[in-house]
Amino acid sequence: MHSASAALVLAALSFTVPSAIAADTPDPVADAKAFQKYFTDKFPKLRLADFVNGPYSMNEDMRRQWDEKEQFPPYDFSLDMGKEMFSKPFKNGKSYLDCFPNQGIGIRQNYPYFDEKEGKVITLELALNRCREANGEEPFSYVKDEMAALTAYMAFTSRGKPFDIKIPNDPRALEAYRNGKRYFYTRRGQLNFSCASCHVQNPGERIRAEVLAPALGILNAMPIYRSEWGGMGTTSRRFTTCNSQIRGVPLDPQSDEYRDLEYYLSYVSNGLPISGPGARP
Amino acid sequence: MSMIRKTRKSAFSLATVLLIAGAMPAFASSSEAEFKAAYAAAEAANNAAASLRNQWTTTAAALAAAKQAADSGDFDQAVASSKEAEALAKASIFQAESEKEAWQALEIR
């Protein structure tokens with residue numbers, strides 16, 4: 001059965017391989033412009049800032065339900081937990097406030113950033129765990145409630161601030177951006193889907209009972225409370241779950257590929273406001 | 001007397017046939033060695049997919065099923081699942097190789 005489906009996939013793949021396309025040097029500014037134009041052309045009635053509301057921006061019924069849900073948002077418990085955790089001192093007396101610019105308040109829109117010393121992308125989740133480790137604490141799981149609570153609080157203090165991701169004049173930063181872009185468009189898993197298959201080609205369409213969110217602004221709402229999960233989810237959880245849903249083995253959370261993917265996806269949503277924490281069906 | 005002899009003879013023949021029949025599946029079915037070879041080939045292909053950062057969950061499931069069948073002594077199923085895992089792993093390798101260029105066709109420009 002599976003051998004047959006593998007053969008089918010192989011056959012399908014052999015038809016989808018185009019002739020070699022010359023690898024070009026990425027132009028992030030042009031990319032972001034084209035990316036945003038694609039979505040605003042596809043959904044001409046939507047305001048640019050509305051894309052951060054994901055499926056709720058695409059479907060009127062869902063939007064009405066969401067408006068009502070937002071009166072008592074399901075992420076409130078997580079937000080309260082994150083606020084408390086954020087200022088609670090570590091065993092050494094320091095806290096997260098000591099690890100971040102502006103004591104961590106209103107800075108979500110600047111993550112991820114490219115660290116020129118390290119030559120790699122630093123996400124907010126990674127920075128939070130590095131802060132813990134630097135202060136003698138155990139790192140949190142990237143896909144569980146504590147990390148979601150901390151990032152929920154940091155996102156909440158940054159609501160309304162536009163994503164402001166920078167690509168420094170460093171070939172390694174451009175390479176990280178390109179790697180993230182490649183990951184986004186690369187088909188994987190037995191279902192042969194890329195991130196773009198759902199979130200570029202089919203936003204607003206249903207996949208089973210779900211309405212697919214547009215890729216534009218998709219990270220602005222992170223972390224999210226998902227009714228499907230019955231709890232909060234981080235960006236890491238979103239990426240790894242997407243991979244397993246298409247029958248691909250997920251990479252380790254915060255592996256280079258996921259960090260670069262977050263860098264690319266955040267950059268092309270520059271200018272759109274942070275709306276996290278969010279709630280999704 | 002001859003009737004009894006005849007009956008004994010046919011009972012002996014039947015027993016022989018049954019014995020042979022009983023032994024036959026052991027000759028026709030897969031051996032542990034065949035399973036080990038098939039499993040090693042599947043594992044090697046899946047490791048190659050891992051080096052391309054593109055393993056499939058279905059490959060892992062087929063490998064697990066192969067191991068489980070082998071543990072219960074069902075080497076026919078163990079070999080079949082191993083071959084299935086190998087086919088899936090090879091498809092994931094093909095996908096990763098072709099996507100090295102093909103991803104650009106999806107790009108918003």
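Protein chains get the first letters and strands the later ones, always in sequence-line order, with residue 1 at the start of each.
Applying the salt bridge (charged side-chain N to carboxylate O under 4.0 Å, His left out) test to pairs two or more places apart or on separate chains, those with a residue in residues 41-51 of chain A are K37(A)-D41(A), D50(A)-R63(A). For residues 199-217 of chain A, the pairs satisfying salt bridge (charged side-chain N to carboxylate O under 4.0 Å, His left out) are E210(A)-R226(A), with sequence neighbours left out.
Contacts from residues 35-54 of chain B to chain A, taken as heavy-atom pairs separated by less than 4.5 Å, involve R53(B), N54(B) in sequence order.
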Test side-chain contact (heavy atoms from CB on, under 4.5 Å) on R188(A) and E99(B) and set out the steps. CA-CA 8 Å; R188(A) 52 178 49 82; E99(B) 283 296 307; over 6 Å; no
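Taken from CD in Q245(A) to OG1 in T57(B), the straight-line distance is 11.0 Å, to the nearest 0.5 Å. A distance of 15.0 Å separates NZ of K33(A) from CD1 of I108(B), quoted to the nearest 0.5 Å. Atom CH2 of W56(B) and atom CG of N192(A) lie 7.0 Å apart (nearest 0.5 Å). For the atom pair CZ (F35(A)) and CZ (R109(B)), the distance works out to 14.0 Å, reported to the nearest 0.5 Å.
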All N/O donor-acceptor pairs, side-chain side in residues 167-177 of chain A, below 3.5 Å, sequence neighbours left out:
{"residue": "D170(A)", "atom": "OD1", "partner": "R172(A)", "partner atom": "N", "Å": "2.8"}
{"residue": "D170(A)", "atom": "OD1", "partner": "R172(A)", "partner atom": "NE", "Å": "3.2"}
{"residue": "D170(A)", "atom": "OD2", "partner": "R172(A)", "partner atom": "NE", "Å": "3.4"}
{"residue": "D170(A)", "atom": "OD2", "partner": "R172(A)", "partner atom": "NH2", "Å": "2.8"}
{"residue": "R172(A)", "atom": "NH2", "partner": "E116(A)", "partner atom": "O", "Å": "2.7"}
{"residue": "Y177(A)", "atom": "OH", "partner": "D31(A)", "partner atom": "OD2", "Å": "2.6"}

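Here the side chains of R182(A) and W103(B) are in contact, with some heavy-atom distance below 4.5 Å. Using a 4.5 Å cut-off on side-chain heavy atoms (C-beta onward), L106(B) and R187(A) make contact.
Nearest heavy atom pair, residue T58(B) against residue Q190(A), reads CG2-OE1, 3.2 Å.
For S194(A), the part lying near chain B is the side chain, with the backbone staying farther off; criterion is any non-hydrogen pair under 4.5 Å.
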